[in-house]
Number of protein chains: 2
Amino acid sequence: MEAAVDLPDDALYNIAAVERDTGLSKDTLRVWERRYGFPTPVRDRHDERLYSTGQLEKLRLLRLLIDHGHRPGKIINQSNVELTQLIASRAPEQTPPPEIAALIALLTSHDTDGFRNALLQALMKQGLLRFVTETVAALNYWIGEAWLAGKIAVFDEHLYSEHVQNILRNAIIAQPGRGSAPRVLLTSLPGEKHRIGLLMVEAVLVAEGGACVALGTETPVIDIQNAAPAYQVDVVALSFSSAFTQNAALAGLTELRALLPDSIEVWGGGGALARARKAPAGALLLRSFDDMRYALERWRVEHAQR
Amino acid sequence: MEAAVDLPDDALYNIAAVERDTGLSKDTLRVWERRYGFPTPVRDRHDERLYSTGQLEKLRLLRLLIDHGHRPGKIINQSNVELTQLIASRAPEQTPPPEIAALIALLTSHDTDGFRNALLQALMKQGLLRFVTETVAALNYWIGEAWLAGKIAVFDEHLYSEHVQNILRNAIIAQPGRGSAPRVLLTSLPGEKHRIGLLMVEAVLVAEGGACVALGTETPVIDIQNAAPAYQVDVVALSFSSAFTQNAALAGLTELRALLPDSIEVWGGGGALARARKAPAGALLLRSFDDMRYALERWRVEHAQR
DNA sequence: AGCCATTTCTGTCCAGGACAATATGGAAGC
DNA sequence: GCTTCCATATTGTCCTGGACAGAAATGGCT
């Protein structure tokens with residue numbers, strides 16, 4: 001029994017590596033072992049945990065399902081195969097429209113140049129506004145689905161994110177005109193890392209002739225409070241992907257609303273708020289890009305007479 | 001139920017927030033308290049640690065000095081003032097060159113368009129390679145210094161990062177030619193969020209005629225392992241900013257080296273590795289952009305005969 | 001159906017002990 | 001003088017097992 005190459009199959013990972021690769025904290029890993037009897041890593045000579053590749057794999061499946069609403073206690077004792085089926089059964093066999101399917105096919109065939117060119121072509125054909133609200137939005141959705149179904153690799157998703165960022169940032173810079181009122185400060189709260197949503201909003205804003213001060217992701221509330229007057233913005237807009245809890249998103253909006261002067265509006269949008277019933281007092285919920293365009297128009301009407 | 005209105009100055013941070021803001025692990029924070037008597041957070045009604053703004057500040061100074069070679073036990077009982085002096089004495093009263101100072105002045109005056117235009121102008125004047133290795137590198141350094149000295153706000157740093165990203169991504173896309181060998185897969189490991197370093201590397205690579213597959217930040221090792229053959233790359237390059245521990249960076253390189261076939265080279269660079277003594281067997285340490293250009297050249301010579 | 005109270009579940013925090021990995025400092029050898 | 005090696009000191013990470021807050025699920029009420 002001799003392997004020509006070191007097979008990664010019998011590799012062992014210490015708890016720090018598992019935390020890094022699964023996003024599950026060391027405390028969580030230990031408490032799962034204590035409560036549910038999984039994972040059961042072997043120990044090295046100094047009684048430190050060493051996790052097998054199979055356990056690491058299962059932990060990643062669990063993480064995925066938990067992020068999509070399953071409870072750990074219900075699924076932790078199922079086998080890898082059962083978990084994979086659970087993931088597959090989630091989405092009722094739908095297929096994306098052909099344009100989107102073609103783009104995804106380019107991505108999964110690892111044809112980086114082809115994918116980039118196809119995106120650029122779609123942008124040219126549709127213009128920035130439609131490109132963002134139709135193509136990119138649909139891509140986000142269907143790539144998420146494909147990922148759940150195991151049809152797309154994590155690294156493909158990374159590459160997708162990079163390409164879309166490149167193209168959107170490029171288009172935003174290229175947009176003619178310097179933008180007028182309202183000036184919108186755009187960012188997300190700590191914990192919210194999803195950059196594409198922010199860039200999509202920025203693209204729409206710029207396309208509609210607004211001016212955008214983009215701070216990127218994960219700005220602490222206090223720093224937003226300080227930045228808003230410094231940049232003399234009219235609106236502070238926050239994006240919450242579905243990685244955020246709806247409650248956490250609403251709490252963030254409420255906190256920010258309390259900290260900012262009344263003259264500055266607070267807008268919130270994104271997946272976490274798509275199903276929210278009502279906005280916190282004094283804040284505005286944007287459930288779609290159309291909502292945002294109406295909000296822009298309303299702001300301009302209200303501030304027209306001066 | 002408690003009514004909590006946070007005022008920035010007497011704000012209190014729980015141990016998770018401090019870990020996030022300082023990069024010191026919870027274990028380290030607790031063991032320092034036990035051993036050295038610092039920090040001494042107050043406790044909430046459930047005996048959980050709450051760190052004051054001042055202690056958070058001191059912890060950040062300590063982290064910084066430790067990253068620069070000081071030992072914790074020697075400096076942990078000095079005051080904030082003494083630590084600040086220690087930092088100041090580290091870089092003997094230097095001032096940034098006038099071009100850099102002018103850019104920083106635009107940034108701190110919140111003149112977003114002016115800052116953007118000045119960056120674009122520098123790029124046009126210098127070309128991509130010099131812009132990255134001179135202007136952006138210097139800006140990173142001096143903005144870090146300005147932050148240490150309290151001369152720059154967190155949100156200004158966020159805005160800086162966004163603008164540089166816009167410009168670099170724009171320049172990378174605009175670069176003529178599709179790039180040839182070697183094909184380099186470029187990313188960072190989970191925990192390493194610093195995007196500008198990655199983009200700088202990508203810009204230099206592209207400017208030198210290489211082909212780059214950029215996966216963005218925080219790609220788990222397993223996914224890198226899978227991506228490398230899928231994209232048929234010749235080299236996997238990882239970037240570690242000084243937010244990473246040197247040990248963690250070296251461990252990551254070692255792990256990756258073991259998982260990838262010998263035909264794929266492993267390169268690592270960035271602040272965390274700047275003072276590393278020797279590279280893990282089979283990996284290459286790049287301590288500067290020049291190192292990277294030499295490495296590219298060497299690779300091309302070695303693979304010239306076909 | 002919607003709303004509120006109660007129970008269950010789950011992640012994070014705690015204390016204090018242990019030890020591996022690294023850095024330091026000095027002695028020995030070239 | 002300079003490296004090389006080894007003993008010692010320092011420092012970060014991991015361990016166990018207990019506790020509890022906050023989120024989610026459940027049930028009872030209008």
Side-chain angles (χ1 to χ4, degrees), chain A residues 12-20 22-38 41-51 59 62-63 65-77 191 244-251 272 275 277-278, chain B residues 1-2 4 12-20 22-51 59 62-63 65-77 191 244-251 254 272 275-278 280:
Chain A
L12 293 174
Y13 303 85
N14 66 20
I15 196 169
V18 175
E19 175 181 47
R20 220 191 36 207
T22 63
L24 299 166
S25 77
K26 295 175 186 125
D27 274 326
T28 300
L29 289 167
R30 294 196 197 102
V31 90
W32 280 9
E33 184 177 343
R34 208 195 308 166
R35 277 195 195 131
Y36 309 119
F38 180 87
V42 299
R43 302 302 182 104
D44 67 7
R45 70 186 177 315
H46 189 53
D47 248 20
E48 305 198 338
R49 292 171 174 79
L50 291 176
Y51 296 82
L59 287 169
L62 287 170
R63 173 68 200 260
L65 285 162
I66 290 165
D67 282 349
H68 283 80
H70 287 81
R71 307 300 307 274
K74 308 263 182 184
I75 55 175
I76 200 164
N77 283 315
F244 241 67
T245 317
Q246 177 175 304
N247 285 345
L250 292 173
R275 270 184 287 278
R277 307 185 162 279
K278 56 174 190 175
Chain B
M1 178 121 345
E2 56 178 346
L12 293 173
Y13 303 84
N14 65 21
I15 196 168
V18 175
E19 176 180 46
R20 178 165 46 76
T22 63
L24 298 165
S25 76
K26 294 169 188 138
D27 275 325
T28 299
L29 289 167
R30 294 195 197 102
V31 89
W32 279 8
E33 184 178 344
R34 209 195 307 167
R35 279 196 193 131
Y36 309 120
F38 180 88
T40 50
V42 299
R43 302 301 182 105
D44 67 8
R45 66 191 177 314
H46 188 53
D47 247 23
E48 305 198 338
R49 291 171 174 80
L50 290 177
Y51 297 83
L59 288 169
L62 287 171
R63 171 68 201 259
L65 286 162
I66 290 166
D67 283 347
H68 284 80
H70 288 80
R71 309 298 306 275
K74 307 266 182 185
I75 56 175
I76 200 163
N77 283 315
F244 239 70
T245 317
Q246 178 175 305
N247 287 346
L250 291 174
T254 306
R275 62 184 59 237
R277 299 180 171 280
K278 57 174 187 173

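This structure is a prediction, so every number in the text was calculated from the model and none was measured. Just so we're on the same page: letters track the sequence lines, and every chain starts at 1.
When distances run from any side-chain atom of A:T28 to the nucleotides C:dC9, C:dG11, D:dT10, the shortest one goes to C:dG11.
Counting heavy atoms from C-beta outward, B:I66 and B:I75 have side chains that approach closer than 4.5 Å.
Under the side chain to side chain donor-acceptor pair (under 3.5 Å) criterion, B:T254 pairs with no residue at all, not counting sequence neighbours.
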Could you go through A:L29 and A:L59, starting from their C-alpha distance and side-chain angles, then the distance that decides it, and tell me whether this counts as side chain to side chain contact (heavy atoms under 4.5 Å, CB included)?
CA-CA 9 Å; A:L29 289 167; A:L59 287 169; 3.9 Å; yes
Go through the steps to decide whether B:R49 and B:R43 satisfy the test side chain to side chain contact (heavy atoms under 4.5 Å, CB included), and finish with yes or no.
CA-CA 5 Å; B:R49 291 171 174 80; B:R43 302 301 182 105; 3.4 Å; yes
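Between the CG atom of B:N14 and the P atom of D:dA21 there is a distance of 14 Å, given to the nearest Å. The distance from atom CG of B:L29 to atom P of C:dT12 is 16 Å, rounded to the nearest whole Å. The distance between atom CG of B:L59 and atom P of D:dG12, rounded to the nearest whole Å, is 12 Å. Between A:I66 atom CD1 and C:dT12 atom P there is a gap of 11 Å when expressed in whole angstrom units.
Within the 4.0 angstrom heavy-atom criterion, base atoms lie near A:R35.
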Please tabulate, one pair per line, each protein N/O and nucleotide N/O from nucleotides 14-17 of chain C that are separated by under 3.5 Å, including the distance.
from   : atom 1 : to    : atom 2 : distance (Å)
C:dC14 : OP1    : B:R49 : N      : 2.7
C:dC14 : OP1    : B:R49 : NH1    : 3.0
C:dC14 : OP2    : B:R30 : NE     : 3.0
C:dC14 : OP2    : B:R30 : NH2    : 3.3
C:dC14 : OP2    : B:R49 : NH1    : 3.1
C:dC14 : O5'    : B:R49 : NH1    : 3.0
C:dA15 : OP1    : B:R43 : NH1    : 3.2
C:dA15 : OP1    : B:R43 : NH2    : 3.0
C:dA15 : OP2    : B:R49 : NH1    : 3.0
C:dA15 : OP2    : B:R49 : NH2    : 2.4
C:dG16 : N7     : B:R34 : NH2    : 3.0
C:dG17 : N7     : B:R34 : NH1    : 2.9
C:dG17 : O6     : B:R34 : NH2    : 3.4

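Closest approach of B:A17 to B:N14, counting heavy atoms only: N-OD1, 2.9 Å.
Regarding contacts with the backbone of C:dT12, a side-chain N or O of A:S25 is found under 4.0 angstrom from either OP1 or OP2. An OP1 or OP2 oxygen of D:dT11 is reached within less than 4.0 angstrom by a side-chain nitrogen or oxygen of B:Y36.
Interatomic distance, CD of B:E33 versus CD1 of B:I15, reported as 8.0 Å (0.5 Å rounding).
Note on the helix from C:dA1-D:dT30 to C:dC30-D:dG1: angle between the axes of the first and last five pairs equals 40°, rounded to 10 degrees.
When each of A:I76, A:T22, A:L24 is paired with A:L62, the side-chain contact (heavy atoms from CB on, under 4.5 Å) condition holds for A:I76 and for no other.
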